[in-house]
Asker: 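Pasting in a structure now, in structure tokens, and then I'll have a few things to ask.
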Amino acid sequence: MKCCDNKKAIDELYKNIALNDRLSETEDSKEIEERIALSLGYTLEDLENGANLGLGCGNPIENANLKSGETVLDLGCGKGMDVFKACKIVGEEGLVIGVDRLAEMVEKAKYIRGKKGFLNTDFRVSDIDDLKVENDTVDCVISNCVINLCEDKEKVYSEIFRVLKPGGRISISDIVQFNELPAWIKDEPIFHAT
């Protein structure tokens with residue numbers, strides 16, 4: 001199994017989600033996505049901007065202790081769900097940068113930013129293991145169920161520490177593997193994407 005096969009499967013799945021504005025084509029998928037987000041601590045106000053895709057596995061903002069005026073970086077921002085929640089906390093003096101590898105996701109996030117007037121946000125197309133962010137510029141890095149998709153997690157964390165200011169913090173919601181996976185799962189690229 002080559003890592004580029006996994007990356008291609010991940011990109012195809014998430015590009016399809018971005019283009020269709022939804023995780024699933026079923027009738028009740030939006031309702032399910034909303035119930036999941038509410039169970040993770042998001043509010044109806046958070047959901048009304050249209051950025052929820054039902055892809056998160058937690059709420060990294062709950063433990064981030066964000067403060068007014070801070071610079072926050074969201075790794076794998078998708079359509080900006082956590083970026084928009086964080087930008088309300090850091091206020092006009094702060095900045096929330098969302099990065100996503102897919103231009104389609106960044107385009108959707110920028111559309112919502114313009115429509116809703118979230119002016120203290122910035123979106124960039126960038127891999128999270130090669131961030132287009134300057135050294136020592138971020139107070140807090142957040143991520144919601146994205147780092148698990150990367151082959152080289154050590155490189156991701158190296159990039160996180162590179163962009164963090166001294167004393168900066170991270171708040172990550174993600175999945176963790178405790179037991180070895182069977183070969184038939186490890187060898188199938190689509191399972192790396194879901």
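Quantities reported herein were computed from a predicted structural model and do not represent experimental measurements. Counting begins at 1 with the first residue of the sequence. Note that these values count all heavy atoms, side chains included, but never hydrogens, waters or copies made by symmetry.
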Asker: Would a distance-only check, ignoring hydrogens and angles, find a side-chain to backbone donor-acceptor pair under 3.5 Å from Ser173 to Cys57?
Answerer: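 Here the side-chain-to-backbone pair does not exist.
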Asker: Treating Ser171 as the side-chain partner and Ile61 as the backbone partner, does any N or O pair qualify as donor plus acceptor under 3.5 Å?
Answerer: no
Asker: Any donor and acceptor pair, going by atom type alone, linking the side chain of Ser68 with main-chain N or O of Gly91 inside 3.5 Å?
Answerer: no
Asker: Report yes if some heavy atom in the side chain of Thr71 is under 4.5 Å from a heavy atom in the side chain of Thr137; otherwise report no.
Answerer: no
Asker: How far does CG of Leu55 sit from NZ of Lys79, to the nearest 0.5 angstrom?
Answerer: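 Answer rounded to 0.5 Å: 10.0 Å.
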Asker: Do Asn52 and Tyr42 have side-chain heavy atoms sitting under 4.5 Å apart?
Answerer: no
Asker: Kindly indicate whether the side chain of Cys150, heavy atoms from C-beta on, has any atom under 4.5 Å from the side chain of Asp129.
Answerer: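 The answer is no, as the side chains (C-beta and beyond) never meet within the 4.5 Å cut-off.
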Asker: Looking at Glu31 and Arg35, is there a salt bridge between them, counting it only when a charged N and a carboxylate O are closer than 4.0 Å?
Answerer: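 Salt bridge flag = yes for Glu31 with Arg35.
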Asker: Please answer whether the main-chain N or O of Asn65 pairs with a side-chain N or O of Arg169 as donor and acceptor at a distance below 3.5 Å.
Answerer: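 Checked: pair present.
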Asker: Go through it in stages, so that I can follow the logic: the residues are Ile160 and Ile147, the test is side-chain contact (heavy atoms from CB on, under 4.5 Å), and I'd like the CA-CA distance, side-chain angles, deciding distance and then a yes or no.
Answerer: CA-CA 11 Å; Ile160 290 171; Ile147 295 174; 4.3 Å; yes
Asker: Find the distance between CG (Asp74) and CG (Asp100) and round it off to the nearest 0.5 Å.
Answerer: 8.5 Å
Asker: Can you find a pair of side-chain heavy atoms, one from Asp152 and one from Val156, that are under 4.5 Å apart?
Answerer: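 The answer is no; the side chains never approach within 4.5 Å.
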Asker: Contact between Glu107 and Phe123 at the side-chain level, heavy atoms closer than 4.5 Å - yes or no?
Answerer: no
Asker: Got a second to check how far Phe161's CZ is from Asp136's CG, nearest 0.5 Å?
Answerer: 12.5 Å
Asker: Could you give me the CA-CA distance, side-chain angles and deciding distance for Glu34 and Leu44, then say whether side-chain contact (heavy atoms from CB on, under 4.5 Å) is met?
Answerer: CA-CA 8 Å; Glu34 182 177 294; Leu44 289 174; 3.9 Å; yes
Asker: With heavy-atom distances below 4.5 Å as the criterion, would you say the side chains of Phe118 and Asn49 are in contact?
Answerer: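 When only atoms from C-beta onward are counted, Asn49 and Phe118 do touch, with a gap below 4.5 Å.
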Asker: Taking Asn120 for the side chain and Val96 for the main chain, is one N or O donor matched with an acceptor at less than 3.5 Å?
Answerer: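 Looks like no, no N/O pair under 3.5 Å.
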Asker: Between Leu73 and Leu75, is there a side-chain heavy-atom distance shorter than 4.5 Å?
Answerer: yes
Asker: To the nearest 0.5 angstrom, please state how far the CD1 atom of Ile170 sits from the CG atom of Leu164.
Answerer: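 Atom-to-atom, Ile170:CD1 and Leu164:CG are 7.5 Å apart.
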